[in-house]
Amino acid sequence: MTEIKTITTDELNKKIQNGEDLLLVDVREDEEVAEGMIPGARHIKMGEIPESLDKFDKDKEYIFICRSGNRSGNVAHFMQEQGYKVVNMEGGMMNWAGETAPKK
């Protein structure tokens with residue numbers, strides 16, 4: 001299995017604060033994202049990723065987010081196998097100290 005690129009929560013927060021254009025995908029369940037998401041993240045539950053591939057562009061890089069980094073890591077592996085550019089946020093929302101917003 002090919003190594004998945006990772007980003008720490010601090011690195012991601014700095015990129016967001018610098019105004020970088022990032023594609024964030026939160027793969028947690030509805031009740032988890034109800035507690036707050038990183039602003040600008042798109043919510044696609046882990047179980048819905050395989051049927052949602054048409055929502056992704058193989059020319060763009062996606063940062064996957066979950067509670068602890070395990071589910072997003074699994075999604076990142078799956079997406080990479082499908083030919084997508086992916087990054088997993090290490091530590092997930094449990095380590096996120098930045099801003100959160102309710103799911104829209």
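The structure presented is a predicted model; accordingly, all values stated were derived computationally and were not measured.
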Identify the two heavy atoms, one from [X] and one from [Y], that lie closest to each other, and give their separation to 0.1 Å.
X     : Y     : result
Gly69 : Asn88 : O-ND2, 3.1 Å
Met89 : Ser72 : O-OG, 4.2 Å
Gly92 : Thr9  : O-CG2, 3.6 Å
Phe56 : Ile49 : CZ-CD1, 4.1 Å
Arg28 : Lys45 : O-CG, 3.4 Å

For this session: With side chain to side chain contact (heavy atoms under 4.5 Å, CB included) as the test, would you mind laying out the steps for Leu23 and Glu61 before giving the verdict?
Result: CA-CA 7 Å; Leu23 297 168; Glu61 183 176 78; over 6 Å; no
Problem set entry | Connected via hydrophobic side-chain network under 4.5 Å: Val87 and Phe78 | no
Exercise. Counting N and O atoms only, with roles assigned by atom type, does the side chain of Asn18 sit under 3.5 Å from a partner on the main chain of Glu20, one being a donor and the other an acceptor?
Worked result: no
For this session: For the residue pair Tyr84 and Tyr62, categorise the inter-ring angle as parallel (less than 30°), tilted (30 to 60°) or perpendicular (more than 60°).
Result: perpendicular
For this session: Give a yes or no on this: more than 12 heavy atoms of other residues, nucleotides or ligands lie within 6.0 Å of atom CD of Glu99.
Result: no
Exercise. Got Val86 and Ile4 here, is their nearest side-chain heavy-atom distance under 4.5 Å?
Worked result: yes
Exercise. Of the options Asn13, Leu12, Ile65, Leu22, which is the one that meets Ile7 in a side chain to side chain contact (heavy atoms under 4.5 Å, CB included)?
Worked result: Leu12
Seminar exercise, completed: From the list Glu35, His43, Glu32, side chain to side chain donor-acceptor pair (under 3.5 Å) partner of Lys103 resolves to His43
For this session: Run the numbers on Lys14 and Glu11 for side chain to side chain contact (heavy atoms under 4.5 Å, CB included), then give the verdict.
Result: CA-CA 5 Å; Lys14 282 189 186 93; Glu11 289 167 341; 5.8 Å; no
